[in-house]
**Q** 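Take a look at the following structure, please.
Each ligand, and each atom within it, is numbered from 1 in the order the structure gives. The analysis underlying the following values was restricted to heavy atoms, covering all of them including side chains, and did not include hydrogens, waters or symmetry mates.
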Amino acid sequence: MKTLISPSLLSANFINLKSEIEMINQSEADWLHLDIMDGVFVPNISFGFPVMEAINKYSMKPLDVHLMIVHPEKYIHQVAKVGAMMMNVHYEACTHLHRTIQEIHGAGMKAGVTLNPATPISVLEDIIMDVDMVLLMSVNPGFGGQKFIENTMKKIRQLHDLILRSGSHALIEVDGGVQAETAPRLVKAGVDVLVSGSFIFKSADPLSTISILKNLPR
Ligand code: DX5
Ligand code: ZN
């Protein structure tokens with residue numbers, strides 16, 4: 001399988017959102033990554049449901065929604081309603097993670113669990129069979145353009161072991177600081193989905209940047 005590419009719209013030019021989405025539509029990207037922040041779980045606020053709904057009208061790519069909010073379980077039906085394909089919730093924000101994962105599936109979406117950089121892989125032991133994806137944060141969530149945290153490479157190896165050992169079919173997605181130097185290493189390490197924001201949207205030719213990420217040797 002080729003690497004799946006999920007450009008993070010957080011680094012797009014919001015004045016020209018329509019043309020940014022059209023660019024993604026024409027690109028080799030597989031998904032569109034949407035970062036929702038509440039100013040409580042993370043020290044930043046991004047955009048919410050009315051904007052997501054508008055994005056979904058133009059996007060031809062499935063929406064990979066990353067909720068950096070407290071109580072994500074309150075919004076499952078709203079996330080489904082705006083047309084999300086994948087709903088990623090943070091392990092650190094879910095008291096009843098198993099129930100939340102079941103409810104996301106019940107609403108017709110794929111379910112992802114997200115880990116902050118300081119959260120160990122071992123917490124996934126009893127949920128790995130139930131999730132479609134694990135999203136490893138390789139920066140502290142809240143902002144685009146941060147430096148990749150190197151310890152993520154070790155977590156990818158540990159997550160691979162857990163997936164093999166358990167027989168889970170979960171995909172591994174990495175988010176934060178994915179750029180020219182880190183992306184080839186992540187692909188070689190067996191990451192299934194790359195999220196990339198500033199590297200794509202701030203590049204001179206985003207279409208070819210996406211193509212380069214998509215075609216990195218595995
Ligand atoms: C950060 C977000 C990321 C962000 C990545 O909290 O979850 O998706 O947009 O940005 P880059 O690729 O610039 O590190
Ligand atoms: Zn994200």
**Q** Once you round to the nearest 0.5 Å, how far does CD1 of I101 lie from CE of M109?
**A**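 Separation between the atoms: 10.0 Å.
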**Q** Among all protein non-hydrogen atoms, which one is nearest to atom 12 (O) of ligand 1, and what is the separation to 0.1 Å?
**A**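 Minimum-distance protein heavy atom for atom 12 (O) of ligand 1 reads G197 N, 2.7 Å.
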**Q** For the Zn ion (ligand 2), what is the closest N, O or S atom on D175?
**A**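 The closest N, O or S atom of D175 to the Zn ion (ligand 2) is OD2.
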**Q** Name the option, out of L34, D175, L135, that contains the heavy atom nearest to atom 3 (C) of ligand 1.
**A**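 Of the listed residues, D175 has the closest heavy atom.
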**Q** Say whether L17 and M60 are linked into one hydrophobic cluster, either directly or through other cluster members, by side-chain heavy-atom distances under 4.5 angstrom.
**A**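 No, separate clusters.
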**Q** If hydrophobic clusters are built from ILVMFWY residues whose side chains come within less than 4.5 Å, do V82 and M68 share one?
**A**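 The answer is no; the residues belong to distinct hydrophobic clusters.
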**Q** Does a side-chain N-to-carboxylate-O contact under 4.0 Å join E28 and K61?
**A**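 A salt bridge is absent here (no side-chain N lies under 4.0 Å from a carboxylate O).
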**Q** Are L216 and L136 connected, step by step, through hydrophobic side chains (Ile, Leu, Val, Met, Phe, Trp, Tyr) whose heavy atoms are closer than 4.5 Å?
**A**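 Both belong to a single hydrophobic cluster.
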**Q** Find out if a path of hydrophobic residues (ILVMFWY) with successive side-chain heavy-atom gaps under 4.5 Å connects V193 to I156.
**A**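 No.
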**Q** Does ligand 1 have a heavy atom under 4.0 Å from the side chain of Q179, from its backbone, from both, or from neither?
**A**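 Looking at Q179 and ligand 1, no heavy atom falls under 4.0 Å.
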**Q** If hydrophobic clusters are built by linking Ile, Leu, Val, Met, Phe, Trp and Tyr wherever their side-chain heavy atoms come under 4.5 Å apart, do M52 and L135 end up in the same one?
**A**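 No, because M52 and L135 fall into different hydrophobic clusters, even though each may have its own neighbours under 4.5 Å.
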**Q** Using only N, O or S atoms, tell me which atom of D35 is closest to the Zn ion (ligand 2).
**A**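 Answer by atom name: OD1.
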**Q** Given 3.5 Å as the limit, does a donor-acceptor pair link the side chain of D30 with the main chain of I5, or not?
**A**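 Indeed, once roles are kept as given, a pair shorter than 3.5 Å links the two residues.
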**Q** Considering only non-hydrogen protein atoms, determine which one is nearest to atom 11 (P) of ligand 1 and report residue, atom name and distance to 0.1 Å.
**A**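 Going atom by atom, the protein heavy atom closest to atom 11 (P) of ligand 1 ends up being G145 N, 3.6 Å.
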**Q** List ligand 1 atoms under 4.0 Å from H33, heavy atoms only on the residue side.
**A**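 Ligand 1 atoms under the 4.0 Å threshold to H33: 8 (O).
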**Q** Suppose we measure from atom 2 (C) of ligand 1 to each protein heavy atom; which comes out shortest, and what is that distance?
**A**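 It is D35 OD1, 3.3 Å.
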**Q** Rounding to 10°, state the angle centred on the Zn ion (ligand 2) that links ND1 in H66 with NE2 in H33.
**A**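 Rounding to the nearest 10 degrees gives 100°.
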**Q** Can you list the atoms of ligand 1 that are under 4.0 Å from a heavy atom of M137?
**A**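 Contacts of ligand 1 toward M137, numbered from 1: 7 (O).
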**Q** Please could you name the atoms of ligand 1 that H66 approaches to less than 4.0 Å, counting only its heavy atoms?
**A**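 Once the distances to H66 are compared, the set is 7 (O).
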**Q** Below 4.0 angstrom from a heavy atom of L10, which ligand 1 atoms are there? Numbered from 1 as shown, please.
**A**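 Atoms satisfying the 4.0 Å criterion: 9 (O).
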**Q** Could you tell me, atom by atom, which parts of ligand 1 come under 4.0 Å of a heavy atom of G144?
**A**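 The atoms of ligand 1 under 4.0 Å from a heavy atom of G144 are 10 (O), 13 (O).
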**Q** Would you call the rings of F47 and F14 parallel, tilted or perpendicular, where under 30° means parallel and over 60° means perpendicular?
**A**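 Because their plane-to-plane angle is over 60°, the rings of F47 and F14 count as perpendicular.
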**Q** Under a 4.0 angstrom heavy-atom cut-off, which atoms of ligand 1 come close to G176?
**A**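 Listed by number with element: 14 (O).
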**Q** Counting only heavy atoms, which portion of F199 has something under 4.0 Å from ligand 1: side chain, backbone, both, or neither?
**A**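 No part of F199 comes within reach of ligand 1.
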**Q** Around atom 1 (C) of ligand 1, find the nearest protein heavy atom and jot down its residue, atom name and distance.
**A**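 Of every protein heavy atom, F143 O, 3.5 Å lies nearest to atom 1 (C) of ligand 1.
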**Q** Closer than 4.0 angstrom, basic N to acidic O: yes or no for E150 and R185?
**A**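 Judged by the 4.0 Å cut-off on N to carboxylate O distance, E150 and R185 do form a salt bridge.
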**Q** Are side-chain N/O atoms of S198 and S11 paired as donor and acceptor at under 3.5 Å?
**A**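 There is no such pair (donor and acceptor under 3.5 Å, judged by atom type) between the side chains of S198 and S11.
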**Q** Please list, in number order, the atoms of ligand 1 under 4.0 Å from a heavy atom of P141.
**A**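 That gives atoms 6 (O) of ligand 1.
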**Q** With atom 14 (O) of ligand 1 as the reference point, say which of S138, S196, G177 has the nearest heavy atom.
**A**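 Going through S138, S196, G177 one by one, G177 has the nearest heavy atom to atom 14 (O) of ligand 1.
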**Q** Side chain, backbone, both or neither: which applies to S8 and ligand 1 if a contact is any heavy-atom pair less than 4.0 Å apart?
**A**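 It is the side chain that gets close, since no backbone atom is under 4.0 Å.
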**Q** State which residue, out of L10, I69, L67, fulfils the side-chain contact (heavy atoms from CB on, under 4.5 Å) condition with M37.
**A**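 It is L10; the other options fail the test.
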**Q** Is there a polar contact, in the sense of an N or O pair closer than 3.5 Å, between G142 and ligand 1?
**A**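 N/O-N/O distance below 3.5 Å exists for this pair.
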**Q** So among D64, N56, I24, which one has a side-chain contact (heavy atoms from CB on, under 4.5 Å) with L32?
**A**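 Going through the options one by one, the only one that passes is I24.
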**Q** What atoms of ligand 1 come closer than 4.0 angstrom to any heavy atom of S198?
**A**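 Those atoms are 11 (P), 12 (O), 13 (O).
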